[in-house]
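These figures come from a predicted structure and were not determined experimentally.
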Amino acid sequence: MLNYKRYKAFPAFRYPERTWVDKDITKAPIWCSVDLRDGNQALVEPMGVEEKTEFFQMLVKLGFKQIEVGFPAASQIEYDFLRQLIERKLIPDDVLVQVLVQCRAEQLEKTFECLKGLPQAIVHIYNSTSVLQRDVVFGKSKEEIIDIALTGTELVKKYASTFPGKIHLEYSPESFTGTEMDYAAEICNAVLDTWECGEGREVIINLPSTVEMNTPNVFADQIEYMNDHIKYRDHVTLSVHPHNDRGEGVAATELAIMAGAQRVEGTLFGNGERTGNVDILTLAYNMFSHGVNPELNLENIHAIQEVYERCTKMKVPPREPYAGKLVFTAFSGSHQDAINKGIKAMRDRHETIWGVPYLPIDPADIGREYEPIVRINSQSGKGGVAFIMDSQFGYKLPKGMQREFADYIQSRSEIEGEVLPSEIYTIFQEEYVETKEPIHFKNIRTTDTENGDGSDSYTTLATVTYMDHGTMKTFSGVGNGPIDAVLSGLNQELSIKVKVIDYQEHALTMGSGSKAVSYIHLLDEKTGKASYGVGLSSNITRSSIRAIFSALNRLFYLSEAEAAGKKRVAAKMHQAPHDLFGNS
């Protein structure tokens, strides 16, 4: 049994004056990527200079205006990286780079040396303030911890006074979530006083959830308390730097924004120490899904993922929000059916606002249009199979046929597991379109004769040539149109009694070269058995007659048709669907 008695909840801070509970997120915060520092230090194999340069350039393209590039005083690679960015003029005028440094003279001196040539930069100083860190790591009193922060602030102030560009100060009371709130406000205000915060001397106060210690509502209360108790509030940017130890980083950040946070430090895909930093992409896409402009260029998640995985050598999990391979995929039959109906309803109603069950956003909006939304396994149903046949191959299966065809796919998936769209297409071709054994339509000639009863009606004489077990044969039939005439002739020719239950047709593709697809549902009146058939041709009459022969083969000669089809399946199962279109 888990020894849960070893642990106790960290005391929850309560702020009765809270107002965040009644607020919504209506605009994006200032985003600051810390991928190149916080994220990079957590990699098994940290990025080299060229990899960091490529990653930096991607962040710029994504629209980040603040990017923490490293800890140049602590690592030669990070020092060289920043110098390369400066000397190669890779930092746009509207992008602020940020450097992290401890409150130590020798580190600050080297940091400012590295910054030479920049018109402006953020210098980010920090020291730990929590009860636990003060006790077991530093063994210092509250006053001594404040002295560390103020010494660092004075040093930044000193070096900034002779720096030819503008220095923006950022201060973080590290391990903020484990710090008494009145003390956190005291140390931050002391830093602001020392910096002489005001017009033209703005400060970023960054409140890190260095270790996530409580539920997101507690973090929001802490942020709102600081929002209300920080001095010079109009000249302070309140920032958060959440981690994800409890798996609640995104929720904590969203509530923090509601509580007054104006800026968020995080990483792409949540990379970082332990369980990671907060995932900026998830936060941004969440805003997007509520109609709020995230103010980042995130239209192509695949391109972002490709650079991220190559540079960090980390993999994006398949269930990662928005980016994961499976997040826009439905295996459940009921989910597939709802998605199918939702997309059809939007199309039929010409809706402009997205509203599809189980899909919070349109995958196409973030570059996922080539991903299968629906994937078929033994848990899938007719809706999923119908969706794939329509969305990927253009076949709009009649409702009754959806169940009939789905049964074939489910049987296959129970044996083989997931059935790919290309395999579904091949099975459809073999089961319906190419069922040419043992009877196979070859040609038809029709003659229409006016009935002469004043009703403008005609009688059709159809003469059909077909193959019957390898022998060429011909029959004729009369009816009120080609379908009726052919069925009349077939009933007499084959000594059967079938009738049409349902018939539908549509163009398979758009344009003058489009093909017509016909679906016919035939009933054998002697046995009560019914089956669908499918025909495909550039000529609508030939398409409908092929559908009749397809249905008859399935009604009366299914075993022979299946035997012939198995030979073709083996050869075609691995062909691409567009190749199969040409052979149908």
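Remark: the backbone N or O of S172 is not paired with any side-chain donor or acceptor of N206 at under 3.5 angstrom. Side-chain atoms of W31 come within 3.5 Å of backbone atoms of P294 as a donor-acceptor pair (strictly under, hydrogens ignored). Between the side chain of S175 and the main chain of G178, no donor-acceptor pair closer than 3.5 Å is present. The closest donor-acceptor contact from the side chain of R546 to the backbone of L536 lies under 3.5 Å. In this structure, the side chain of E423 engages the main chain of L420 through a donor-acceptor pair within 3.5 Å. In this structure, the side chain of N300 does not engage the main chain of I366 through any donor-acceptor pair within 3.5 Å. A side-chain donor-acceptor contact under 3.5 Å links D35 to the backbone of L268. The closest donor-acceptor contact from the side chain of Q98 to the backbone of Q66 lies at 3.5 Å or more, if one exists at all. The main-chain N or O of L36 is found under 3.5 Å from a side-chain atom of K52 such that the two form a donor-acceptor pair.
In this structure, the ring of Y395 has its center no less than 6.0 angstrom from the ring center of H506.
To the nearest 0.5 Å, the span separating CG on D279 from OH on Y285 amounts to 10.0 Å. Considering OG of S391 and CG of N340, their distance stands at 8.0 Å, rounded to 0.5 Å. Taking CG of L59 as the start and SG of C32 as the end, the distance is 10.0 Å to the nearest 0.5 Å. For the atom pair OG of S130 and CD of E174, the computed distance is 8.0 Å after rounding to the nearest 0.5 Å. The line from SG of C311 to CD of E45 is 11.5 Å long, rounded to the nearest 0.5 Å. Separation of atoms CD1 (I424) and CE (M389) is listed at 8.0 Å; rounding is to 0.5 Å.
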Could you go through E320 and K325, starting from their C-alpha distance and side-chain angles, then the distance that decides it, and tell me whether this counts as salt bridge (charged side-chain N to carboxylate O under 4.0 Å, His left out)?
CA-CA 8 Å; E320 174 78 12; K325 185 177 181 181; over 6 Å; no
Check the pair K23, E224 against salt bridge (charged side-chain N to carboxylate O under 4.0 Å, His left out), reporting the backbone distance first and the verdict last.
CA-CA 12 Å; K23 295 181 179 178; E224 185 157 354; 5.1 Å; no
Given side-chain contact (heavy atoms from CB on, under 4.5 Å), test F176 with Q222 step by step and report yes or no.
CA-CA 9 Å; F176 161 76; Q222 292 175 319; 3.9 Å; yes
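Checked for salt-bridge contact, R274 and E212 miss the test: no charged N lies under 4.0 Å from a carboxylate O. Salt bridge E170/R263: present, at least one basic N to carboxylate O contact under 4.0 Å. Electrostatic pairing of E295 and K65 does not count as a salt bridge here, judged by no charged N lying under 4.0 Å from a carboxylate O. A salt bridge is absent between R412 and E414; no separation between the charged side-chain nitrogens and carboxylate oxygens falls under 4.0 Å. Using a 4.0 Å cut-off between charged side-chain N and carboxylate O, E306 and R310 make a salt bridge. Note on R246 versus E248: salt bridge recorded, some NZ/NE/NH1/NH2 to OD/OE distance being below 4.0 Å. Using a 4.0 Å cut-off between charged nitrogen and carboxylate oxygen, E51 and K313 count as a salt-bridge pair. Between R37 and E68 there is a salt bridge, with a side-chain nitrogen of the basic residue lying less than 4.0 Å from a carboxylate oxygen of the acidic one.
Using modelled atom types, one finds no donor on one side chain facing an acceptor on the other under 3.5 Å when comparing T26 with D24. With no hydrogens or angles considered, no side-chain donor-acceptor pair links T275 and H243 at under 3.5 Å. Using modelled atom types, one finds no donor on one side chain facing an acceptor on the other under 3.5 Å when comparing E505 with S543. At a cut-off of 3.5 Å, with distance as the only test, a side-chain donor of T435 or S550 sits close to an acceptor on the other residue. A donor-acceptor pair shorter than 3.5 Å can be found between the side chains of D502 and Q504. Judged by distance alone, the side chains of E254 and N286 do bring a donor and an acceptor atom under 3.5 Å apart. For Y322 and T282, the side-chain atoms include no donor-acceptor pair closer than 3.5 Å.
Test D38, T253, T267 against N277 for side-chain hydrogen bond (donor to acceptor under 3.5 Å, both in side chains) and you get one pass: D38.
Sequence neighbours left out, the pairs with a member in residues 249-284 that pass ring-ring contact (aromatic ring centres under 6.0 Å, His included) are F269-Y308.
Partners of K315 by side-chain hydrogen bond (donor to acceptor under 3.5 Å, both in side chains), not counting sequence neighbours: none found. Remark: E351 engages no residue in a salt bridge (Lys or Arg N to Asp or Glu O under 4.0 Å) (not counting sequence neighbours).
Between V49 and Q84, the shortest heavy-atom distance links the atoms CG1-NE2, 3.2 Å. Considering every non-hydrogen atom in both F13 and D221, the closest pair reads CE2-O, 3.6 Å.
Using a 30° and 60° split on the angle between ring planes, Y126 and F71 fall in the perpendicular class, above 60°. Taking the six-membered ring where tryptophan is involved, the planes of Y432 and Y408 are perpendicular, since the angle between them exceeds 60° and thus also 30°. The aromatic rings of F56 and F81 stand perpendicular to each other, their planes meeting at an angle above 60°, with 30° marking the opposite boundary.
At most 12 heavy atoms of other shown residues, nucleotides or ligands fall within 6.0 angstrom of atom NZ in K344.
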